[in-house]
Amino acid sequence: MKHQHKYDANGKQLCCTLEEKINHKTDKQTGCCATHEEPKHTDDNGHEHSSSNQTTFQMFLPAIISFVLLLVAIGLDNYFTQSWFTGWLRIGWYVLAYIPVGFPVLKEAFESIRKGEIFSEFLLMSIATIGAFAIAEFPEGVAVMLFYAIGEIFQTLAVQRAKANIKSLLDQRPDEVTIIENNVAKTIKAATAKIGDIIQLKAGEKLGLDGELLSDIASFNTAALTGESKPDTKAKGETVLAGMINLNSVCQVKVTTVYTDSKLSKILEMVQDATAKKAPTELFIRKFAKIYTPIVVLLAILICVVPMLFVDNYIFRDWLYRALVFLVISCPCALVISIPLGYFGGIGAASKNGILFKGSNFLDVMASIQNVVMDKTGTMTEGVFKVQEVVFNSDFNQTEVLQLVNALESQSTHPVATAIHQFVGNIDSTIQLKDVEEISGHGLKAIVNGKELLVGNFKLMDKFSIAYDIDPTSIVYTLIAVAYDKKFVGYLTIADSIKEDAQITINKLKALGIKTTMLSGDKNTVVQFVAQKLGITNAFGDLLPEDKVNKVKEIIAKNETVAFVGDGVNDAPVVALSNVGIAMGGLGSDATIETADVVIQDDMPSKIPMAINIGKQTKKIVWQNIILAFAVKAIVLVLGAGGLATMWEAVFADVGVALLAILNAVRIQRMKF
């Protein structure tokens, strides 16, 4: 989803703020805000509460007024009795105490009914409190609504805190950038910058758009994107991204992506979408509440009316009171508030650590993962190849042959070609290559000085019937074989270093009881070497994409859940097949963000067990809240129906449990994983 940023005559942005985007306060067609109004908090039932522009004191002010008036009334009723505090004056005082907290709820109940949502929590609270007034239980009527209002405020504060975690990660783009135009520095709106503009970035400033570094070298803090505080040094020509902070001297960056298409914008949209994708537990509770609430209303009516047929000394007021207590107890707000908040908190906690979940449903799946299947190159290894050894037949001039190999490999974009170029150096421009051909899965072929040059794996040697006197399977490293003029010249060994936190990753996965498997298209001896060194249970090399798919199918056939970790692009078939596709290096590929279900932004494999732990903790907290809410409500419902519980117990069963559930839900945002 893309949107255009619009500005008024004063340069004020009219399009959506981040909070408005997260709250889905956007026009469905343009992606922009229909009106530039005060952002509102939208709860899981679609009810809006203005909150973002209010201070905490302003949010609590109605409750404070109501509380003070209630305390005075209770004091005049029980401790400092006054002859004037009776009749309509007493009723009016309690009504006055009720209005600050009760009117917003009554209004929400009316709006819900008008929209066709009759049985909402607002209606339950309205009926219960108005009913309390009807039977002259004024203090209890005010108290129930007061505590409910306080619970709603705590809910809003908890949601704001969860959003703040995401905002702190994502809302990193400065509104303005300094560009160099005709050798003159000029400040413009970041959204108006064009591809090709030169941004001047001072030390300590954030980069507003993605671009290419023009300065020789610069160090950046990438914590806003990756959660990693360690500085990242970039050289001239390398890509730098919006949200990075320049740490040292002034540098210049050429804009390569417009504001709305920056990596940060894409991540923002992904997290926005994530809050809309509900977990099965969350969806169930929402459906449950819609069925549960009308049943509760019916039961409350039956509790009030049916006893008159069976009870000799039936007193309508007593049974109405029991029905009202039953209504307050049964309000499902503890569930409909805390469960979405728990998942929202999980997404926020993950985002803060540089892990982006595309929906709360994936938090649930990650919590139950039994197998982690991973690619090798770029996932458990750095993906940066280096030439380790050159073994050529003494009949050939090593320097001359390496120059020929370097010239031919310059025709390829494979990481191996880069490793050879870094090892050999500059390409000899006098070398003339003819009939260059890339043979898929084998290597390269060309004609040089009228002679055939082959550079690739040993399958290439076999294909062209080149005889060689070594056993390729006896050498651990990746081999690049070379043949010239129909003769075997020798080979180069290429190695890729293991990531520093790869061992920690495997140890943590084993501690969680998760099976590990490595699938790679690389040479099997290399794959087995890496797997053995790290302690990976199963490893398979020399695999084509379809082979990887078959291996994952074998695991799924055992009814086991699978998370596949790779680049999210080349391994798209496996990602689609697995229960969760995890992409390493979300900063490196736009396609990665599009393909994977979970994106680890800083290439650190140790974030895999962290993502699983966040999923487990989120699910644990959600189920704690469900069990707590149902257990307390069930006990107090029985007591209420039997006349053993008053409105005060009902308040605890409703608002008290909701507050406990909310506090439990926000706990995940403070956890260290």
Side-chain angles (χ1 to χ4, degrees), residues 2-22 31-33 36 164 166-269 271-272 354 586-588 590 593 601-602:
K2 297 181 181 178
H3 63 275
Q4 296 178 341
H5 290 264
K6 299 178 182 178
Y7 295 85
D8 62 18
N10 298 316
K12 186 176 181 181
Q13 185 176 312
L14 295 177
C15 199
C16 305
T17 64
L18 176 65
E19 182 155 0
E20 289 167 329
K21 282 179 72 64
I22 290 177
C32 292
C33 302
H36 195 64
I166 295 175
K167 285 180 70 177
S168 66
L169 176 81
L170 296 176
D171 201 14
Q172 299 290 334
R173 299 169 301 179
D175 292 329
E176 297 178 335
V177 293
T178 301
I179 66 167
I180 304 299
E181 197 173 89
N182 299 323
N183 295 321
V184 178
K186 178 183 175 183
T187 301
I188 64 169
K189 293 289 181 182
T192 62
K194 302 183 294 295
I195 293 175
D197 283 348
I198 308 299
I199 294 177
Q200 180 174 281
L201 199 64
K202 296 177 183 176
E205 282 188 335
K206 281 179 189 165
L207 183 59
L209 299 99
D210 296 355
E212 176 188 327
L213 183 64
L214 298 181
S215 304
D216 290 334
I217 195 167
S219 291
F220 294 89
N221 180 338
T222 64
L225 292 157
T226 65
E228 176 59 54
S229 59
K230 187 169 68 176
D232 187 4
T233 301
K234 299 288 186 182
K236 184 176 181 177
E238 289 194 86
T239 299
V240 286
L241 301 171
M244 290 184 173
I245 302 172
N246 183 21
L247 294 177
N248 300 323
S249 56
V250 176
C251 66
Q252 292 189 344
V253 175
K254 183 171 74 173
V255 177
T256 56
T257 309
V258 295
Y259 188 79
T260 51
D261 289 342
S262 71
K263 188 76 63 178
L264 203 55
S265 295
K266 290 179 182 293
I267 294 169
L268 184 152
E269 288 171 8
V271 176
Q272 174 196 349
L587 297 184
D590 287 342
I593 292 178
Q601 293 181 257
D602 56 7

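Excluded from the calculations below are hydrogen atoms, water molecules and symmetry mates; all remaining heavy atoms, backbone and side chain alike, are included. The structure displayed is predicted, hence computed values, not measured ones.
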Note to self: So does Ala185 get a backbone contact from the side chain of Thr178, meaning a donor-acceptor N/O pair under 3.5 Å?
What the structure shows: no
Kindly indicate, with the supporting measurements, whether the criterion side chain to side chain contact (heavy atoms under 4.5 Å, CB included) is fulfilled by Ser219 and Asp232.
CA-CA 6 Å; Ser219 291; Asp232 187 4; over 6 Å; no
From the list Leu201, Leu241, Val177, side-chain contact (heavy atoms from CB on, under 4.5 Å) with Leu207 holds only for Leu201
### Query
Can Glu176 and Lys189 be said to form a side chain to side chain contact (heavy atoms under 4.5 Å, CB included), step by step?
CA-CA 4 Å; Glu176 297 178 335; Lys189 293 289 181 182; 4.1 Å; yes
Requested in this report: Please lay out, stage by stage, how Lys206 and Ile245 fare under the test side chain to side chain contact (heavy atoms under 4.5 Å, CB included).
Outcome: CA-CA 4 Å; Lys206 281 179 189 165; Ile245 302 172; 3.5 Å; yes
From the list Leu209, Ile198, Ile199, Ile195, side-chain contact (heavy atoms from CB on, under 4.5 Å) partner of Lys254 resolves to Ile198
Do Ile180 and Gln252 come close enough that some side-chain heavy atom pair is under 4.5 Å?
yes
- Pair Val240-Phe220, side chain to side chain contact (heavy atoms under 4.5 Å, CB included): steps then yes or no: CA-CA 9 Å; Val240 286; Phe220 294 89; 3.6 Å; yes
I'd like to check Asp197 versus Lys194 (side-chain heavy atoms, cut-off strictly below 4.5 Å). Are they in contact? yes
What one should report as the nearest heavy-atom pair of Val250 and Asn246 is CA-ND2, 4.2 Å
Separation between CD (Gln200) and SG (Cys251), nearest 0.5 Å, reads 9.0 Å
Scanning both residues in full, the closest heavy-atom pair of Tyr259 with Ala190 reads CE1-CB, 3.5 Å
* For the side chain of Asp210 and the backbone of Ala242, is there at least one donor-acceptor N/O pair under 3.5 Å apart? -> yes
- Message: Between Lys236 and Leu213, is there a side-chain heavy-atom distance shorter than 4.5 Å?
- Response: no
